[in-house]
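Here the structure comes first, spelled out in C-alpha cells, and everything after it is commentary.
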Protein chains: 2
Amino acid sequence: MEALTIHEAAETTGWTPRMLRYIERIGLIEPARTEAGYRQYGPGELQRLRTLRELLADHEIGLGDVAFALRLRRDEALSGAVDSWLEAEPQRPEAVSADEWLRWEQEKHARIIAALTTNETMETAA
Amino acid sequence: MEALTIHEAAETTGWTPRMLRYIERIGLIEPARTEAGYRQYGPGELQRLRTLRELLADHEIGLGDVAFALRLRRDEALSGAVDSWLEAEPQRPEAVSADEWLRWEQEKHARIIAALTTNETMETAA
DNA sequence: TCAACCTTATCAAAGCTGTGTCAAGGTTGA
DNA sequence: TCAACCTTGACACAGCTTTGATAAGGTTGA
C-alpha cells in the first residue's frame, strides 16, 4: 500500500478533506485516481501538501496567490504581459539597481537549472 | 504644466479618483506629491494606468493579482519559495518538457535584458 | 452484507476585494 | 475671499473566496 485516501492524507498533512478537494480544484495538487474515482495521495503529494502549508504561513500568502503564480508559469502570454507592465515601473529610490536585479535573475536561472537537473526532493528553506 | 491632479488623471485614464487611490494603496502606481500632499500624475503614470486596464481586461486578472506579481518581484525570499514549491510539481502528461520550458526561460531572460537596455515605452502587445 | 469509507453537488457563513459616498478639514488661484 | 479643488478616514454594499456541513448515492473489505 503506497497511496492514502483523502481522509488519511488530510490526517497526516493537517488539511481537511474539504480543503484537499479545494486545493485540487484550483489546480495546485491533483492526485491520481483509482478506477472508481477515489483520490490517491502518494508520498510526493503528501510532502507537497505539508510544504504548501509552510509556504502560506511563512510568507502570509493565500492559496489563490500560489494558484496565480502557477498560472503565471503556465500561461506565457500572461506572464509576458505582467512582466512588461511591471518592467515599465519607474525607478523608485529604494528599489534595487538594474544590475543587482539582473544578477538576481541570473542566479535564479542557475537555481532553476539546478532544480531541473538534480530533480530530487526540494530543499525546504525553513 | 506637466502633472495632472487625481481628478484629471481619472478623467483621461478611465479610472475613478477612488480607484487611483486604491491602486496606489496596493503599491501599483505611486504618483509624486506636491508640497501640500496633492498627487501628481505624470505622462508615465498615465500611460501605466491605461495599460493596466488593458492588462486586467485582456487576461481576466485582478488588481490583487498584479500586486502579488509585484510582491513576487520585490521579495526574493518569497519568489524563491514559491518557485521552489512550483518546481517540485510532478510532471503532468500534457505539461511542456523540461527542454521546452528551459528554452522559454532563456527567451524570457533575453526579453528581460532587452527591456532593461532599451528601456523605452513598453510595447503594448494588444 | 453492511459499516465505513468514497464521490459530486448544494446551501451557508465569514471574510476579503473592489467600489461608491460622505464628512471634516487643508490648498489654490482668479 | 471663496469656490473648487485636494487630503485622509469611515461606513457601506455587492460579489467573490475560503471553508464547513449535509445530502444522495457509489465502493470496499472484513
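Reminder, nothing fancy here: chain letters follow the sequence lines and each chain counts from 1.
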Rounded to whole Å, please give me the gap between [atom1] in [X] and [atom2] in [N].
X: Ile6(A); N: dG20(D); atom1: CD1; atom2: P; answer: 12 Å
X: Phe68(A); N: dT17(D); atom1: CZ; atom2: P; answer: 14 Å
X: Trp15(A); N: dT19(D); atom1: CH2; atom2: P; answer: 7 Å
X: Leu28(A); N: dT19(D); atom1: CG; atom2: C1'; answer: 16 Å
X: Glu8(B); N: dA4(D); atom1: CD; atom2: P; answer: 15 Å
X: Arg21(B); N: dT7(D); atom1: CZ; atom2: P; answer: 5 Å
X: Glu24(B); N: dT8(D); atom1: CD; atom2: C1'; answer: 12 Å

Between [X] (side chain only) and [Y] (backbone N and O only), is there a donor and an acceptor less than 3.5 Å apart?
X: Arg53(B); Y: Gly14(B); answer: yes
X: Glu45(B); Y: Gly42(B); answer: yes
X: Trp15(A); Y: Leu49(A); answer: yes

Which part of the nucleic acid, if any, lies within reach of Arg25(A) when heavy atoms closer than 4.0 Å are counted: base, sugar-phosphate only, or nothing?
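No contact.
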Just checking Arg39(B): base, sugar-phosphate only, or nothing, at a heavy-atom cut-off of under 4.0 Å?
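Answer is sugar-phosphate: Arg39(B) comes under 4.0 Å of backbone atoms only.
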Any side-chain heavy-atom pair of Leu78(B) and Phe68(B) under 4.5 Å
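Result yes, sub-4.5 Å side-chain heavy-atom pair found.
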Would you call Met19(B) and Leu63(B) a side-chain contact if the rule is heavy atoms closer than 4.5 Å?
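They are in contact (side-chain heavy atoms under 4.5 Å apart), so the answer is yes.
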Could you let me know what dG20(D) is paired to, Watson-Crick or G-U wobble, both distances under 3.5 Å, or none if it's on its own?
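WC or wobble partner is dC11(C).
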According to the Watson-Crick and G-U wobble definitions, with both distances under 3.5 Å, which nucleotide is paired to dG29(D)?
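Partner of dG29(D): dC2(C).
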What one-letter contact string describes nucleotides 24-30 of chain D from 5' to 3', where B marks a base within less than 4.0 Å of any protein heavy atom, S marks contact via sugar-phosphate atoms alone, and - marks no contact?
--BBS--
Strictly under 4.0 angstrom, non-hydrogen atoms only: write out the protein contact profile of nucleotides 10-18 of chain C, one letter per nucleotide from the 5' end, B, S or -.
-------SS
Under-4.0 Å side-chain N/O to phosphate OP1/OP2 contact, Thr16(A) with dT19(D)
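So the side-chain polar atoms of Thr16(A) never come under 4.0 Å of the phosphate oxygens OP1 or OP2 of dT19(D).
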Any ion pair linking Glu24(B) and Arg33(B) (charged N to carboxylate O, less than 4.0 Å)?
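Salt bridge present between Arg33(B) and Glu24(B).
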